[in-house]
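Structure record follows, encoded as structure tokens.
In listed order, ligands and their atoms are each counted from 1.
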Amino acid sequence: MTRLLFIGAGRMGSAIISRLITSGDMKLDISICDPYFSRGTNPALDKVSAIYPTLEAAEIDGPFDVIVLAIKPQLFGKLAHLLKLVTTQHSLVISVMAGIAVDAIRHTHDYSVVRTMPNIGAAHGHSATACFAGPYVTEAGRTLATRIMEKIGSVYWVKDEELLHAVTAVSGSGPAYFFAFVEALANAGKDLGLSPELAKNLAIDTLQSASASLQQMRDPSLLRDAVTSPSGTTAAALAAFSSNNDLSNLVSRATRAANARSIELK
Ligand SMILES: NC(=O)C1=CN([C@@H]2O[C@H](COP(=O)(O)OP(=O)(O)OC[C@H]3O[C@@H](n4cnc5c(N)ncnc54)[C@H](OP(=O)(O)O)[C@@H]3O)[C@@H](O)[C@H]2O)C=CC1
Ligand SMILES: O=C(O)[C@@H]1CCC=N1
């Protein structure tokens with residue numbers, strides 16, 4: 001039985017716990033440390049072994065084999081020195097926190113740390129997650145981290161920790177870009193005379209169809225060509241996207257801003 005402690009069970013922590021519990025094929029004993037978490041919000045989460053308000057709680061039943069850090073990056077500095085209360089030298093620390101470097105997590109103790117960057121698709125098993133293994137992470141540690149993160153979607157490994165800033169800018173924050181695009185497309189549809197409800201539904205379902213096509217044929221350029229009839233409506237719209245390289249420049253500016261913010265969080 002592998003004993004896991006999730007520090008922070010908000011959106012990301014809850015999503016991972018819930019997928020681990022519902023898949024049920026790993027022998028895991030899961031506890032939560034989150035002062036604001038209460039049972040009754042999600043039936044899967046009610047199956048956790050214990051919920052602790054703080055890492056210093058007298059009743060805490062440590063140590064744990066795996067600690068998952070799923071708190072806000074800004075909170076980590078306040079909790080870092082308490083990690084030793086729930087770990088041994090063999091514990092694996094898996095972080096989903098944006099920006100916080102492996103060195104910062106290992107600052108108070110030589111933990112084996114796997115840093116990961118999932119995304120909000122985790123809740124439905126559709127996260128795109130990239131991982132980086134810090135010093136002394138064993139092959140068994142990498143395999144365990146992969147098995148855990150595979151429960152929420154696809155898993156990729158990067159060899160250079162600095163690349164996690166770019167990963168955050170592309171796939172960590174990425175879902176929000178598509179949500180913003182759906183909002184913009186729905187608003188544009190409204191301006192063209194559709195009812196707000198119909199415009200929203202068409203925009204949402206269109207993202208769904210694009211995503212399903214991409215899942216089947218993982219080639220966005222080919223798919224774009226398949227939709228674009230010569231001198232047709234799509235060509236007219238895409239010409240507006242590419243005029244002065246507008247879309248590329250906008251996406252480049254946005255991802256550079258996210259990359260820079262991730263570096264600031266270090
Ligand atoms: N949301 C996303 O799409 C993604 C998030 N991440 C990363 O995941 C991490 C968590 O983000 P997210 O789940 O969105 O954030 P949430 O705010 O939803 O979750 C953080 C949780 O930690 C709780 N918490 C607060 N104080 C403590 C404490 N002292 N001890 C333990 N838990 C505490 C919070 O409670 P309360 O809210 O009541 O303060 C909350 O439940 C972040 O570091 C973020 O960078 C990574 C990829 C994608
Ligand atoms: O916005 C953030 O900082 C976090 C990291 C990636 C997605 N959400």
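Less than 4.0 angstrom separates atom 4 (C) of ligand 2 from none of the non-hydrogen atoms of the protein.
Here's the thing with Ala98: one of its N/O atoms is less than 3.5 angstrom from an N/O atom of ligand 1. At a 3.5 angstrom cut-off on N or O pairs, Asp34 counts as close to ligand 1. For the pair Pro118 and ligand 1, the shortest N or O to N or O distance does not fall below 3.5 Å.
Using modelled atom types, no side-chain atom of Ser243 and backbone atom of Ala239 make a donor-acceptor pair closer than 3.5 Å. The main-chain N or O of Val102 is found under 3.5 Å from a side-chain atom of Glu161 such that the two form a donor-acceptor pair. Proximity of a side-chain donor or acceptor of Arg3 to a complementary backbone N or O of Asp61 within less than 3.5 Å is detected. Using a distance-only test at 3.5 Å, with no hydrogens or angles considered, no donor-acceptor pair links the side chain of Thr228 to the main chain of Thr234.
Within 6.0 Å of the CZ atom in Arg256, the count of heavy atoms belonging to other residues, nucleotides or ligands does not exceed 12. Enclosure of atom CD in Gln89 is not indicated, since only 12 or fewer non-hydrogen atoms of other residues, nucleotides or ligands lie within 6.0 angstrom.
Between Tyr52 and Phe64, the ring planes lie perpendicular to each other; the angle is over 60°, past the 30° to 60° tilted range.
Within ligand 2, counting atoms from 1 as listed, the ones closer than 4.0 Å to a heavy atom of Ala98 are 5 (C). Those atoms of ligand 1 with a heavy atom of Met117 less than 4.0 angstrom away are 46 (C), 47 (C). Those atoms of ligand 2 that come under 4.0 Å of a heavy atom in Gly172, given as number and element, are 6 (C), 7 (C).
Of all protein heavy atoms, the one closest to atom 2 (C) of ligand 1 is Met12 CE, 3.7 Å. The single protein non-hydrogen atom nearest to atom 10 (C) of ligand 1 is Ala70 O, 3.3 Å, given as residue, atom name and distance. If you check which protein heavy atom lies closest to atom 1 (O) of ligand 2, you get Ser173 OG, 4.5 Å. Protein heavy atom nearest atom 19 (O) of ligand 1, with residue, atom name and distance: Gly10 CA, 3.3 Å. Summary of contacts: the protein heavy atom closest to atom 22 (O) of ligand 1 is Gly8 CA, 3.5 Å. Of the protein's non-hydrogen atoms, the one nearest atom 26 (N) of ligand 1 is Leu75 CD2, 3.1 Å. In terms of protein heavy-atom proximity, atom 37 (O) of ligand 1 is nearest to Tyr36 CD1, 4.9 Å. Closest to atom 28 (C) of ligand 1 among all protein heavy atoms lies Pro35 CD, 3.4 Å.
A salt bridge links Arg261 with Glu264: the distance from a Lys NZ or Arg NE/NH1/NH2 to an Asp or Glu carboxylate oxygen falls below 4.0 Å.
In this structure, CG in Leu144 is found 6.0 Å from CD1 in Ile94, a value given to the nearest 0.5 Å. Taken from OG1 in Thr116 to OH in Tyr156, the straight-line distance is 15.0 Å, to the nearest 0.5 Å.
Closest heavy-atom approach to atom 8 (O) of ligand 1 within the set Thr116, Ile120, Val96, Asn119: this belongs to Val96. Distances from atom 42 (C) of ligand 1 to the heavy atoms of Ile71, Ile32, Ile100, Leu69 show the closest one on Ile71.
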